[in-house]
Amino acid sequence: MKSLKLVKQEEFFIKPTSPFNFDATFHKPAHFPSALEIWKSGKFWQGIRIGEKLFGLKIEDKGDIDRPLIKINVYCNQKINKNTLVLIQKEIIWRYDLNFQSKEFDELCKKDKRFFPVFQKWRGMRNSCAYELYGLLVVGIVLQNATVRRTVQMMDALLKNYGVELVFDRQVIYWCWQPKDMEQVSEEELRALKIGYRAKFIKKLSQDFVEGKVDEFVLRKMPKEDIKKELTKLYGVGPETARILIAEAFHKYDEFDHIAPWQQKIYSMLFYNEPLVDAKIIKEDIIKRYGKYSMLAVSYIWEDIFWRRKNEHIEWLEKEIRL
DNA sequence: CATCAGGGCCCTG
DNA sequence: CAGGGCCCTGAT
């Protein structure tokens with residue numbers, strides 16, 4: 001495995017739109033734990049790739065909900081040019097949706113008596129994704145048809161073999177390989193990492209990226225339905241994986257078409273306090289209530305229960321999570 | 001020990 | 001468009 005020692009080169013600040021909640025945006029307790037990022041209250045470490053070059057980022061909360069400000073330290077093994085620095089800044093703004101205009105959504109929250117306390121508690125949370133599109137697709141693939149533990153095993157095995165270790169600011173994290181790195185790797189070699197039939201998905205997916213069949217930056221400018229169409233064309237990407245990407249990487253907050261069976265059970269308890277409500281009913285109720293902010297609103301309620309899980313035992317949830 | 005479903009997707013009929 | 005098969009793992 002490749003390992004890079006990076007030293008601090010630059011720092012800059014970004015002012016997110018207000019209100020902005022740092023911890024709720026940078027840490028998603030509902031996500032599986034990965035070696036790709038480290039979060040501590042008010043601090044976050046991750047890698048980022050611009051072109052061929054890898055950087056380490058330390059992102060810190062330097063403001064508050066109503067006067068948000070974040071500081072970014074950039075680590076690298078050589079000097080960074082201005083242009084690259086601008087690209088890094090743009091990427092951070094995109095990936096954490098730092099320019100989101102929340103006025104409409106805030107109004108919507110106020111009208112929802114039942115969940116207003118939840119929206120209030122996490123006010124300023126954004127749907128976000130630390131990774132580039134390819135990286136999130138790989139994550140999406142190892143999530144498929146697997147329990148959390150197995151997902152973690154598969155992701156760790158992949159990172160250990162093909163990822164890059166980044167050492168900076170007394171932290172060690174990993175970052176994803178590039179699509180072209182998979183060209184020399186055979187399906188059999190991937191299967192030896194016990195990722196099963198997903199080996200084929202990763203091979204084909206990487207090939208599609210190498211051939212330029214997907215361009216993250218083009219997709220970002222497309223309407224939701226087109227993004228979905230393009231993503232679903234990729235071998236191994238179906239409705240659920242596309243939904244994750246659209247909500248988290250493309251910040252389309254109205255996306256609420258697909259409910260996986262395990263999510264249906266959790267939604268049923270959260271919204272109806274019943275073990276199993278028809279998925280169609282859940283969908284209709286949510287869309288009626290939250291409209292074009294359906295996915296964002298549900299994220300607040302969804303993440304809230306996982307934040308709570310950190311400190312309290314929630315019996316019905318433990319049953320559904322299945323480690 | 002064997003069997004089975006799981007935080008989907010592809011392919012077939 | 002419904003249903004079988006897929007990799008592996010832990011639960012039963």
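If you're wondering where the values come from, they're calculated on a predicted model, not measured in any experiment. In what follows, chains carry the letters A, B, and so on, assigned in the order in which the sequence lines appear, proteins first and then strands, with residues in each chain numbered from 1.
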For [range], which residues have at least one heavy atom under 4.0 Å from DNA chain C?
range                       : answer
residues 245-284 of chain A : none
residues 128-162 of chain A : A/Asn145, A/Arg149, A/Arg150, A/Gln153
residues 180-213 of chain A : A/Arg191, A/Lys194, A/Gly196, A/Tyr197, A/Arg198

| query | So A/Phe100 and A/Tyr253, ring pair (Phe, Tyr, Trp, His ring centres under 6.0 Å) or not? Walk me through it. | reply | CA-CA 11 Å; A/Phe100 177 60; A/Tyr253 293 145; 5.1 Å; yes
Stems field, DNA chain C, Watson-Crick or wobble, 3.5 Å, at least 3 pairs, by first number, holds B:2-6 with C:8-12, B:8-13 with C:1-6
Which residue pairs pass the salt bridge (Lys or Arg N to Asp or Glu O under 4.0 Å) test when at least one of the two sits in [range], sequence neighbours left out?
range                       : result
residues 188-199 of chain A : A/Glu187-A/Arg191
residues 65-89 of chain A   : A/Glu11-A/Lys71, A/Asp64-A/Arg67, A/Asp66-A/Arg123
residues 27-55 of chain A   : A/Glu52-A/Lys180

Residues pairing under side chain to side chain donor-acceptor pair (under 3.5 Å) where one sits in residues 293-303 of chain A, two or more places apart or in two chains, turn out to be A/Glu104-A/Tyr293, A/Asn127-A/Ser299
* To do: Not counting sequence neighbours, list each pair that qualifies as a side chain to side chain donor-acceptor pair (under 3.5 Å) and has a residue in residues 232-241 of chain A.
  =>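 Matches after skipping sequence neighbours: A/Gln144-A/Thr241, A/Lys200-A/Tyr235, A/Glu230-A/Lys233, A/Glu240-A/Arg243, A/Glu240-A/His258, A/Glu240-A/Gln263.
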On a whole-Å scale, what distance lies between the [atom1] atoms belonging to [N] and [M]?
N      : M     : atom1 : value
C/dG10 : B/dC9 : P     : 23 Å
B/dA5  : C/dG4 : P     : 12 Å
B/dC1  : C/dC7 : P     : 25 Å

Residue set satisfying salt bridge (Lys or Arg N to Asp or Glu O under 4.0 Å) with A/Asp257, at least two apart, ordered chain then number -> A/Lys228
Span of DNA chain B engaged by chain A, first through last nucleotide within the 4.0 Å heavy-atom cut-off, is B/dG6 to B/dC11
Could you tell me whether a side-chain N or O of A/Ser128 sits under 3.5 Å from a main-chain N or O of A/Arg95, the two making a donor and an acceptor? no
Discussion item. Checking the side chain of A/Asp169 only, and the main-chain atoms of A/Gln171 only, is there a donor and an acceptor separated by less than 3.5 Å?
Written reply: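 Checked: no pair found.
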- prompt: How would you label the contact of A/Phe32 with the nucleic acid (heavy atoms, under 4.0 Å): base, sugar-phosphate, or nothing?
  reply: nothing
Report task. Using a heavy-atom cut-off of under 4.0 Å over every strand shown, decide if A/Ala242 touches base, sugar-phosphate, or nothing. Result ->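 Touches nothing.
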query = Does A/Tyr162 have its ring centroid less than 6.0 Å away from the ring centroid of A/Tyr174?
reply = no
field: Closest non-hydrogen atom pair, A/Ala130 against A/Tyr96
entry: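 The pair with the smallest heavy-atom distance is CB-OH, 3.1 Å.
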inquiry  = Salt bridge or not between A/Arg220 and A/Glu216? Use side-chain N to carboxylate O under 4.0 Å.
reply    = yes
A/Lys15 NZ: over 12 foreign heavy atoms closer than 6.0 Å:
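Counting other residues, nucleotides and ligands, NZ of A/Lys15 stays at 12 neighbours or fewer.
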Quiz item: Taking atom NZ of A/Lys224 as the centre, does the number of heavy atoms from other residues, nucleotides or ligands within less than 6.0 Å exceed 12?
Solution: yes
Here the ring pair (Phe, Tyr, Trp, His ring centres under 6.0 Å) pairs for residues 137-161 of chain A, sequence neighbours left out, are none
